[in-house]
There are 2 protein chains.
Amino acid sequence: MREFLKTKGFKMTPQRELIFRAFFEHGDHVSVDELYDKVRELDHTIGYSTVWRNLKLICKVGLAEEVNLGDGVTRYDRVTQVPHGHLFCTNCKKLIEFNVDQVVGLLAQVSRDHAFAPDSFKVEIHGLCAECSAKTEQIKNPEQVKS
Amino acid sequence: MREFLKTKGFKMTPQRELIFRAFFEHGDHVSVDELYDKVRELDHTIGYSTVWRNLKLICKVGLAEEVNLGDGVTRYDRVTQVPHGHLFCTNCKKLIEFNVDQVVGLLAQVSRDHAFAPDSFKVEIHGLCAECSAKTEQIKNPEQVKS
DNA sequence: CGACCATTGAAAACGATTTTCATTTTCAAT
DNA sequence: ATTGAAAATGAAAATCGTTTTCAATGGTCG
């Protein structure tokens, strides 16, 4: 990792090491706040902006991607070999990944059709997960509404 | 429209009328700021929050949807009979729509597989449009980099 | 008319993101 | 080892889009 960054003109520091490690171990779909908390447990002197900058750096070197689900917080998603879509529960904010192999084929063709140079595909399904779907039914039931 | 809103418990006002009209005429993919400017040309006394609230209202009654492309501004997209995806140029912010008929079939199945109650599907391709793609090539060319 | 409640506009609050700045640290070349 | 340039850090402040507050206004319905 140290060498990988060096070739791109970045330096390694203890803070960076910690943040990178925390991200890749605990990583998927963390927000800055979440990773900040995680990192703070290991070193309570690390600043928020350092975590933020390093998350951005991880994106810049292509190891993560920002995910924007419309709830006001940016999450950071590891870039893996397997592209995937997200099922996002707008109620409990749960995030479930799903395979998009078939979809990317279609999207690649769309890109070609528009002479568009794609950087990333985003495929999301927003709605209610099984659990929240059940709960919401209850809430809709007049008997359950708090008064 | 007046009646449609009334059935949902909302009132019609001159401001609302103007904002709705502006949105549906000039509507697609506007941000609050853009619609605010547009509306201000017609009535410079309308407040920003009124525009914002009415865009939210249009969403609430199901006539529009928020679109979040990760550049920090929420755009509002008319809900039409034809679902569509977005090609988003991260350089010039241009937005091109494309047909997603084939994709929605796949996503509906994914939802079923996860007992997920989908509210909306988001299909986006981020990258560079044909024009920006060409320009970026020039920038990458050392001859063109400003010094 | 009169009561009620949604709506409005201005301003303030909010909250996540991003920048600033002084200081410290890394790293490559001595 | 030493050093100098460039990068990184932490705290605080700035930014900026979004959202709320509040007093005043205005639409709807009995």
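Heavy-atom basis, side chains included; hydrogens, waters and symmetry copies ignored. Below, chain A is the first sequence line, B the second, and so on; all start at residue 1.
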CD on A/E124 to CZ on A/F98, rounded to 0.5 Å = 8.5 Å
Separation of atom CG in A/L5 from atom C1' in D/dA7, rounded to whole Å = 12 Å
ask   = Any donor and acceptor pair, going by atom type alone, linking the side chain of B/E34 with main-chain N or O of B/S31 inside 3.5 Å?
value = yes
request  = Go through the side-chain N and O atoms of A/H29 and A/E97 and say whether any donor and acceptor fall under 3.5 Å apart.
outcome  = yes
key: Linked, directly or transitively: B/L128 and A/F116 (ILVMFWY side chains, under 4.5 Å)   = no
query = Quick one: hydrophobic cluster around B/V79, which other residues, with the 4.5 Å side-chain cut-off, linked directly or via members?
reply = none
message = Can you tell me how far apart CZ (B/F10) and CG (B/N54) are? Round to the nearest 0.5 Å.
response = 10.0 Å
request  = Could you pick out which residue, A/L57 or B/T74, lies toward the 5' side of DNA chain D when each is mapped onto its nearest nucleotide?
outcome  = A/L57
key: B/H126 and B/H86 aromatic centres sub-6.0 Å   = no
request  = Take the protein atom OH of A/Y36 and the nucleotide atom C1' of C/dT18, then report the distance between them rounded to whole Å.
outcome  = 16 Å
ask   = Expressed in angstrom and rounded to an integer, what is the separation of B/E3 atom CD from D/dG27 atom P?
value = 16 Å
query = Which other residues end up in the same hydrophobic cluster as B/V73, if Ile, Leu, Val, Met, Phe, Trp and Tyr are linked when side-chain heavy atoms come under 4.5 Å apart?
reply = none
query = Residues in salt bridge (charged side-chain N to carboxylate O under 4.0 Å, His left out) with A/D33, at least two apart?
reply = none
note = CD of A/E65 to OG1 of A/T80, rounded to nearest 0.5 Å, is 9.5 Å
ask   = So how far is it from A/W52 CH2 to A/L57 CG, rounded to the nearest 0.5 Å?
value = 11.0 Å
task = Verify, without hydrogens or angle tests, whether A/R16 (side chain) and A/K11 (backbone) share a donor-acceptor contact under 3.5 angstrom.
result = yes
note = Intra- and inter-strand pairing of DNA chain C, written as dot-bracket with Watson-Crick and G-U pairs under 3.5 Å and | for the latter, reads ||||||||||||||||||||||||||||||
request  = Go through B/V32 and B/L55 one step at a time and tell me if the side-chain contact (heavy atoms from CB on, under 4.5 Å) criterion holds.
outcome  = CA-CA 8 Å; B/V32 181; B/L55 273 173; 4.0 Å; yes
request  = Can you tell me the distance, in whole Å, between the NZ atom of B/K8 and the P atom of C/dC5?
outcome  = 22 Å
ask   = Which residues, ordered by chain and number, are linked to A/F88 in its hydrophobic cluster, where ILVMFWY side chains connect at heavy-atom gaps below 4.5 Å, directly or through other members?
value = A/V67, A/L69, A/L95
task = Report the residues that fulfil salt bridge (charged side-chain N to carboxylate O under 4.0 Å, His left out) with A/D28, sequence neighbours left out, ordered by chain and then residue number.
result = A/R78
ask   = For A/L107, does its backbone N or O pair with a side-chain atom of A/S111 as donor and acceptor, under 3.5 Å?
value = yes
request  = Please list, by residue number, the residues of residues 15-22 of chain A whose heavy atoms come closer than 4.0 Å to an atom of DNA chain D; answer none if no residue qualifies.
outcome  = A/Q15, A/R16
note = Between the CE atom in B/M1 and the CG atom in B/L63, the distance rounded to the nearest 0.5 Å is 5.5 Å
All N/O contacts under 3.5 Å from nucleotides 13-15 of chain C to the protein, with atom names and distances to one decimal?
none

request  = Scan residues 59-72 of chain B against DNA chain D and write down, sorted by residue number, each residue with any heavy atom closer than 4.0 Å; if none is found, say none.
outcome  = B/G72
request  = Just jot down the salt bridge (charged side-chain N to carboxylate O under 4.0 Å, His left out) partners of B/K56, sequence neighbours excluded, or say none.
outcome  = B/E66
Using nucleotides 26-30 of chain C, report all nitrogen or oxygen pairs with the protein that are shorter than 3.5 Å.
| unit_1 | atom_1 | unit_2 | atom_2 | d |
| --- | --- | --- | --- | --- |
| C/dT26 | O3' | A/M12 | O | 3.3 |
| C/dT26 | O2 | A/K11 | NZ | 2.9 |
| C/dC27 | OP1 | A/M12 | N | 3.3 |
| C/dC27 | OP2 | A/R2 | NH2 | 3.0 |

task = Residues of residues 38-54 of chain B with any non-hydrogen atom less than 4.0 angstrom from an atom of DNA chain D: list those, numerically ordered, please.
result = B/Y48, B/S49, B/W52, B/R53
